[in-house]
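Some notes on the structure that comes next.
Along the sequence shown, the residues carry numbers beginning at 1. Only a predicted model underlies this, so the values are computations on that prediction, with no experimental measurement involved.
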Amino acid sequence: MTYLALGLPIPVPEADGLSAPYWSELRDKNIRVQRCDDCGRAQWGPEWMCHHCHTFALGWNDLPPRGRIYSWEHVWHPVHPALRGATPYLVVLVEHAAGIRLLSNLLSPAEQKVVISAEVAGVFEHHAEATPPFSLLHWRTT
């Protein structure tokens, strides 16, 4: 199933390549985020230095595709012409056990009651036919 509306821009890593490990790992159904080698904290979004201790000793680690809803929003107005007819939909901010928060769509009817702290699991949408190929992360309540 494809959730992404046709005609939207393809998500790609920034020109400096910093987020490339995140995007490439989504194709393998992994969520990869940075973790500081010095203080051990995970962080999102990717940066050249640690958000906490300000060192440059950052690596990448996989996280399980699970979390809890921290916040949510109904989207009523299309933010891109390709989304006309796709509204309303739900966007959730999901908090992971590592302390980071990821923003994406909640795959459910827009009229569904959303509960803060509800458990969610990652759903990966693959677009192997695209140039370049890419994958997206969405969420579904468990």
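Using a 4.5 Å cut-off on side-chain heavy atoms (C-beta onward), Cys50 and Leu58 make contact. A heavy-atom distance below 4.5 Å is not found between the side chains of Ile69 and Leu93. Looking at Leu106 and Thr141, their side chains come closer than 4.5 Å, going by heavy atoms from C-beta outward. Val94 has its side chain out of reach of Leu103: every pair of non-hydrogen atoms, C-beta onward, lies at least 4.5 Å apart.
Annotation: Phe124, atom CZ; neighbour count of heavy atoms from other residues, nucleotides and ligands within 6.0 Å is above 12.
Atoms CZ and SG, on Arg41 and Cys36 in that order, are 9.5 Å from each other to the nearest 0.5 Å. Atom CG in Leu136 sits 5.0 Å away from atom CD in Glu125 (nearest 0.5 Å). Going from atom NE2 of His54 over to atom SG of Cys39 covers 9.5 Å, rounded to the nearest 0.5 Å. To the nearest 0.5 angstrom, Arg32 atom CZ is 7.0 Å from Ser24 atom OG. A distance of 9.5 Å separates CG in Leu107 from CG in Leu90, rounded to the nearest 0.5 Å. Atom NE2 of residue His126 and atom CZ of residue Arg27 lie 10.0 Å apart, to the nearest 0.5 angstrom.
Scanning for ring-ring contact (aromatic ring centres under 6.0 Å, His included) contacts around Trp48 gives an empty result, with sequence neighbours left out. Residues satisfying the ring-ring contact (aromatic ring centres under 6.0 Å, His included) criterion with Trp60, sequence neighbours excluded, are absent altogether. With sequence neighbours left out, His80 forms a ring-ring contact (aromatic ring centres under 6.0 Å, His included) with no residue at all.
Using a distance-only test at 3.5 Å, with no hydrogens or angles considered, no donor-acceptor pair links the side chain of Arg35 to the main chain of Ala98.
Shortest non-hydrogen contact noted between Thr142 and Arg66 is CG2-NH2, 3.6 Å. Between Leu26 and Leu137, the closest heavy-atom pair is CD2-CB, 4.0 Å. Listed here is the closest heavy atom pair of Pro65 and Ile31: CA-CD1, 3.6 Å.
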Show me the donor-acceptor pairs within less than 3.5 Å that the side chains of residues 6-21 make with the rest of the protein, sequence neighbours left out.
residue: Glu14; atom: OE1; partner: Ser19; partner atom: OG; Å: 2.5
residue: Asp16; atom: OD1; partner: Leu18; partner atom: N; Å: 3.0

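For the 3.5 Å distance criterion, the side chains of Gln43 and His52 fail to qualify, holding no donor opposite an acceptor.
Residues Trp76 and Val91 do not share a hydrophobic cluster, defined by chaining ILVMFWY side chains whose heavy atoms lie under 4.5 Å apart.
Below 30°, between 30° and 60°, or above 60°: for His74 and Trp72 the angle between ring planes is above 60°, a perpendicular geometry.
Comment: Glu119 engages Arg68 in a salt bridge, judged by a side-chain N to carboxylate O separation of less than 4.0 angstrom.
For residues 88-107, the set of pairs meeting the ring-ring contact (aromatic ring centres under 6.0 Å, His included) definition, not counting sequence neighbours, is empty. Screening residues 4-47 for ring-ring contact (aromatic ring centres under 6.0 Å, His included) gives Tyr22-Trp44 as the qualifying pairs, with residues at least two apart or on separate chains.
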